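Have a look at the structure below, then the notes.
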There are 2 protein chains.
Amino acid sequence: MRTTIERRDLGARDVLIEITYAGICHSDIHTVRGDWGAVPYPLTVGHEIVGHVTEVGAEVTRHAVGDRVGVGCMVNSCRECENCRAGQEQYCLPGNVGTYASVDRDGTVTQGGYSTHIVVDQDFVLRVPDAIPHEAVAPLLCAGITTYSPLAHWNAGPGTKVAVVGMGGLGHMAVKIAVAMGAEVTVLSQTLGKKDDGLRFGAEHYHATSDPVTFEALANTFDLIINTVSAPIDVDAYLGLLRLDGTLVNVGAPPEPLPVRVFALFNNRRSFAGSSIGGIAETQQMLDFCAEHGIAPEVEVIGAEAVNDAYERVLSSDVRYRFVIDIDSLR
Amino acid sequence: MRTTIERRDLGARDVLIEITYAGICHSDIHTVRGDWGAVPYPLTVGHEIVGHVTEVGAEVTRHAVGDRVGVGCMVNSCRECENCRAGQEQYCLPGNVGTYASVDRDGTVTQGGYSTHIVVDQDFVLRVPDAIPHEAVAPLLCAGITTYSPLAHWNAGPGTKVAVVGMGGLGHMAVKIAVAMGAEVTVLSQTLGKKDDGLRFGAEHYHATSDPVTFEALANTFDLIINTVSAPIDVDAYLGLLRLDGTLVNVGAPPEPLPVRVFALFNNRRSFAGSSIGGIAETQQMLDFCAEHGIAPEVEVIGAEAVNDAYERVLSSDVRYRFVIDIDSLR
């Protein structure tokens, strides 16, 4: 459905962005369908945003008219709590302001990126390096940082063995980033259907999780497992794949509690952790890293009229690997 | 029940130890009652052992007749897997040889420390520094190392806030060790019944987990929580007490799977981990650390005839804080 939303007047520290592309994230679908709770309708979703600066407030120093910029999953935070001060605004203790469906500082509900323009505080606007193809930028702002952050935090790199569970929008970025960091990467996907892609993205190994032999053959192998699947998994089975001091990090967000056997944690002193997007400074690092390493998401560009069909295709895993809406189709 | 067990003949690298004291660990009770599965009867339990060397094999270089020594939860390991090579014999991939109820290298079932003598490979025998009171040494070999190891691994120290869940045999050692490491220590116990003791051991704060206010007041507080309770806990509630990058480490071993909400891990990028005793080198470090800092368990010394009563008192938390059997009562 097409509608008109209001953006706030440009404040002194705000940037007005003319949006060119917006990625479709599984979270958008969860949100509009009410899977995660009540929704403040009318709502425009979208938190993978790229565009150009067309106007800046009087005190803006970080961005200039004409700059190519991005906006991700959050547009503000308290900036005072210990997590904000540590540059981890995504973990803002009073709660960060989400790019959509959050209460903004002026009391209105934030509206996302499936739209022609957005007004964002300069501190939550990212610089996009030239090397990244324009239509491929947007998914980096959620799928990219969501996988980059735990890979960086848990030290994926030369000499480490990393497994990526799931080969969707997040998973395929996790593979590319972990490979660029120098890790030995294994994909664990339900089937071998995307094996050729996985190896092309740089993974050295690709196993089907539907084959029980996988869990025997790979026992005690990985330093880090990034689970991108939002459906519940058998946590104990994946924990069994971790070597000494290994960590299973969930970036997928199943609402159901997952049962964990403490004995699966005792062996090899394993950890089960969660990670949520990344801080603003780290998001900038991620963009710079992707530019430097020639990494970009695989995208399928669609017009706004195709969004509903695209949602169905996301839900049936029929996208390789991220839909991006050409916002010109809205103009 | 009193019986006679055979020890193997002294091998070239073995040490014969005349046992003086053996601690009573909750694991002993779980084992003899079959809580953790079938038991290879007849079995002598006990894996907190102190005594003196009375004979050494021809190739023994690390210990001499007359030395005061200790033996903990394991008496051998494969020594070849990556974990053994990393000095983490407790995580030996083929499995370490437990001090009791394991299959020893000669095919017999290992027998524990509620006995007058034991024969152990020199590499699994610890040197006991003079400063530790003799009757208080034994519990360090399990309760001490089980809490020291995660405190050291997760960097408890000046500037960190550590919570200890449970004030039993393990918990009281966790408090003393974390305080000696320089951490700010909080005890989370079901009631305030042992508060005076907790503060005497050096904790700065003491809260009752039966009071729901505790979980609100302490939200986002701790860098590290050591859970020593073997009964199932509400993992999500305890995760909520962790600040950015905090870790909840279970050393208690409930057999039931524990439900974990992934969203509780996302906030503050939290981890839920397990830890099992410690390596031999680290156990030696722990003994040296306790001697240096004047730390010892609080013990109640009993004769062998009182073991069955002591078991009942352990199960009803009626011990402050560890029973130790005077093995002279067996002679």
Side-chain angles (χ1 to χ4, degrees), chain A residues 36 81-88 90-95 146 149-150 153-154 219-221 227 229-230 232-236 239 242-279, chain B residues 36 81-88 90-95 146 149-150 153-154 219-221 227 229-230 232-236 239 242-279:
Chain A
W36 286 346
C81 72
E82 65 171 1
N83 293 352
C84 283
R85 279 184 278 116
Q88 305 285 345
Q90 74 278 31
Y91 302 119
C92 173
L93 291 172
T146 298
S149 181
H153 181 70
W154 277 278
N220 307 311
T221 296
N227 174 30
V229 175
S230 276
I233 60 163
D234 179 345
V235 175
D236 293 343
L239 287 172
L242 293 170
R243 70 199 291 190
L244 184 67
D245 293 328
T247 303
L248 167 63
V249 183
N250 243 68
V251 295
E256 304 87 346
L258 305 179
V260 178
R261 271 179 58 248
V262 170
F263 287 89
L265 296 171
F266 284 160
N267 292 335
N268 282 338
R269 189 163 51 192
R270 295 166 176 140
S271 293
F272 179 39
S275 179
S276 179
I277 51 173
Chain B
W36 286 346
C81 71
E82 65 171 2
N83 293 352
C84 283
R85 279 184 279 117
Q88 305 286 345
Q90 75 276 33
Y91 301 119
C92 173
L93 290 172
T146 296
S149 181
H153 181 71
W154 278 278
N220 309 311
T221 297
N227 174 30
V229 174
S230 277
I233 61 163
D234 179 345
V235 174
D236 293 344
L239 287 173
L242 293 171
R243 70 199 293 189
L244 184 67
D245 294 325
T247 303
L248 167 62
V249 182
N250 242 67
V251 295
E256 305 87 345
L258 305 179
V260 178
R261 271 179 59 251
V262 170
F263 288 88
L265 295 171
F266 283 161
N267 292 335
N268 283 337
R269 189 163 51 194
R270 295 164 176 140
S271 294
F272 179 38
S275 179
S276 178
I277 52 175

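Hydrogens, waters and symmetry mates play no part in the numbers below; they use all other heavy atoms, side chains included. In the text below, chain A, chain B and the rest are named by the order of the sequence lines, each starting its count at 1. None of these values were measured; they are calculated from a predicted model.
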>> Can you tell me which of B/C92, B/P259, B/A219, B/A264 forms the most heavy-atom pairs within a distance under 4.5 Å of chain A?
In response: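 Answer, by heavy-atom pair count under 4.5 Å with chain A: B/P259.
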> Of all of B/R270, B/E82, B/H153, which one pairs up most often with chain A through heavy atoms under 4.5 Å apart?
Replying inline: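 Heavy-atom pairs under 4.5 Å are most numerous for B/H153.
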> Of the non-hydrogen atoms in A/A86 and B/L244, which two are nearest, and what is the gap between them?
Replying inline: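 Smallest heavy-atom distance, with atoms named: CB-CD2, 4.4 Å.
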>> Give me the atom names and distance for the closest heavy-atom approach of B/N267 to A/Y91.
In response: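 B/N267 and A/Y91 have their closest heavy atoms at C-CD2, 4.3 Å.
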>> How long is the straight-line distance from CZ of A/F266 back to OG of B/S275, given to the nearest 0.5 Å?
In response: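 Here the interatomic distance stands at 8.0 Å.
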What part of [X] is in contact with chain A, defined as an atom under 4.5 angstrom from a non-hydrogen atom: side chain, backbone, both or neither?
X: B/N268; result: both
X: B/L93; result: side chain
X: B/R269; result: both
X: B/F263; result: side chain

> Do B/Q88 and A/D245 pass the side-chain contact (heavy atoms from CB on, under 4.5 Å) test, and can you show the C-alpha distance, the side-chain angles, and the key distance before you say yes or no?
Replying inline: CA-CA 11 Å; B/Q88 305 286 345; A/D245 293 328; 5.8 Å; no
Identify all side-chain donor-acceptor contacts of residues 246-258 of chain B below 3.5 Å with residues at least two apart in sequence or on another chain.
residue	atom	partner	partner atom	Å
B/N250	OD1	B/N227	ND2	3.0
B/N250	ND2	B/G252	O	2.9

> Any idea which of A/P150, A/S276, A/A273 has the most non-hydrogen atom pairs under 4.5 angstrom with chain B?
Replying inline: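 Top count of heavy-atom pairs under 4.5 Å with chain B: A/A273.
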